[in-house]
Amino acid sequence: MKNTRWIKFLGGSNVLYTLTVGLLLCIFIITMTKLDFIFGTLAVIISNILMPIIIALLLYYLFNPAVDFMERHKIKRVWGIVILFASVVLLLAGGIVLVIPLLDSQISNLTETFPLFINNFLKLEI
């Protein structure tokens, strides 16, 4: 029998070994789905801990080049971070200021036309 890369990857020497590993993997997955009451809470705890860490790493990855650029142009790293943080906060505030009037007009339009939608819906014959 030919020794494929899959068999070499699994460390086995025949198809029986691959089938055994696959069967054990299926049994493991079935067991984990039956023990959801344990691993469900564990997943919630891990996600609550890991999500802020992942967000922090993503922000570091995105903003580090800008801070390095400011540091190369004789701005201290701390002040570069403060400038970047302030600019992000100002951009978010500006976006919110631009979105609120749009939401206001959309919601007022919906409240004015909602009774018409309900009347048209009730007149439909199914």
Side-chain angles (χ1 to χ4, degrees):
M1 181 170 284
K2 184 179 175 185
N3 233 358
T4 63
R5 289 190 329 186
W6 173 245
I7 299 295
K8 288 179 185 176
F9 172 74
L10 291 175
S13 58
N14 56 23
V15 176
L16 183 62
Y17 183 77
T18 303
L19 291 174
T20 305
V21 169
L23 180 65
L24 288 173
L25 185 62
C26 290
I27 290 171
F28 178 74
I29 290 171
I30 291 170
T31 305
M32 291 303 117
T33 58
K34 298 296 179 188
L35 296 175
D36 187 42
F37 63 93
I38 294 173
F39 294 105
T41 56
L42 187 63
V44 169
I45 291 170
I46 289 174
S47 68
N48 286 338
I49 292 171
L50 286 181
M51 192 54 69
I53 294 172
I54 291 171
I55 291 171
L57 289 174
L58 180 69
L59 290 176
Y60 171 77
Y61 177 75
L62 291 174
F63 294 148
N64 191 36
V67 173
D68 287 342
F69 176 79
M70 286 187 260
E71 198 172 23
R72 280 194 306 264
H73 287 84
K74 307 290 189 233
I75 298 173
K76 290 186 179 181
R77 190 164 189 89
V78 173
W79 290 110
I81 293 170
V82 169
I83 291 169
L84 187 63
F85 181 73
S87 63
V88 167
V89 168
L90 287 174
L91 283 172
L92 287 174
I96 290 171
V97 166
L98 290 174
V99 167
I100 286 178
L102 293 173
L103 283 175
D104 183 39
S105 66
Q106 291 288 322
I107 291 172
S108 64
N109 188 16
L110 178 66
T111 56
E112 291 172 2
T113 59
F114 191 71
L116 181 64
F117 291 141
I118 294 296
N119 288 336
N120 289 336
F121 179 73
L122 292 176
K123 288 180 184 176
L124 287 175
E125 293 183 17
I126 296 175

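Numbers for residues simply follow the sequence, beginning at 1.
Note: D104 CG to N109 CG = 11.0 Å, rounded to the nearest 0.5 Å. Rounding to the nearest 0.5 Å places CG of N48 at 11.5 Å from CD1 of I53.
Residues I118 and L122 are in side-chain contact: their nearest non-hydrogen atoms beyond the backbone lie under 4.5 Å apart.
Applying the ring-ring contact (aromatic ring centres under 6.0 Å, His included) test to F63 and every residue at least two apart in sequence or in another chain returns nothing. With sequence neighbours excluded, the residues that form a side-chain contact (heavy atoms from CB on, under 4.5 Å) with L24 are T20.
Residues I55 and Y61 share a single hydrophobic cluster, defined by chaining ILVMFWY side chains whose heavy atoms lie under 4.5 Å apart. In the hydrophobic clustering of ILVMFWY residues, with side-chain heavy atoms under 4.5 Å counting as a link, W79 and F69 come out apart. One hydrophobic cluster, built from ILVMFWY side chains closer than 4.5 Å, holds both V82 and L62.
Screening residues 58-71 for salt bridge (charged side-chain N to carboxylate O under 4.0 Å, His left out) gives D68-R77, E71-R77 as the qualifying pairs, with residues at least two apart or on separate chains. Residues in residues 78-97 take part in no salt bridge (charged side-chain N to carboxylate O under 4.0 Å, His left out) pair, two or more places apart or across chains.
In this structure, L23 shares a hydrophobic cluster with I27, the cluster being traced through Ile, Leu, Val, Met, Phe, Trp and Tyr side chains under 4.5 angstrom apart.
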Can you give the donor-acceptor pairs under 3.5 Å from side chains of residues 85-103 to other protein atoms, not counting sequence neighbours?
| residue | atom | partner | partner atom | Å |
| --- | --- | --- | --- | --- |
| S87 | OG | I83 | O | 3.2 |
| S87 | OG | L84 | O | 2.7 |

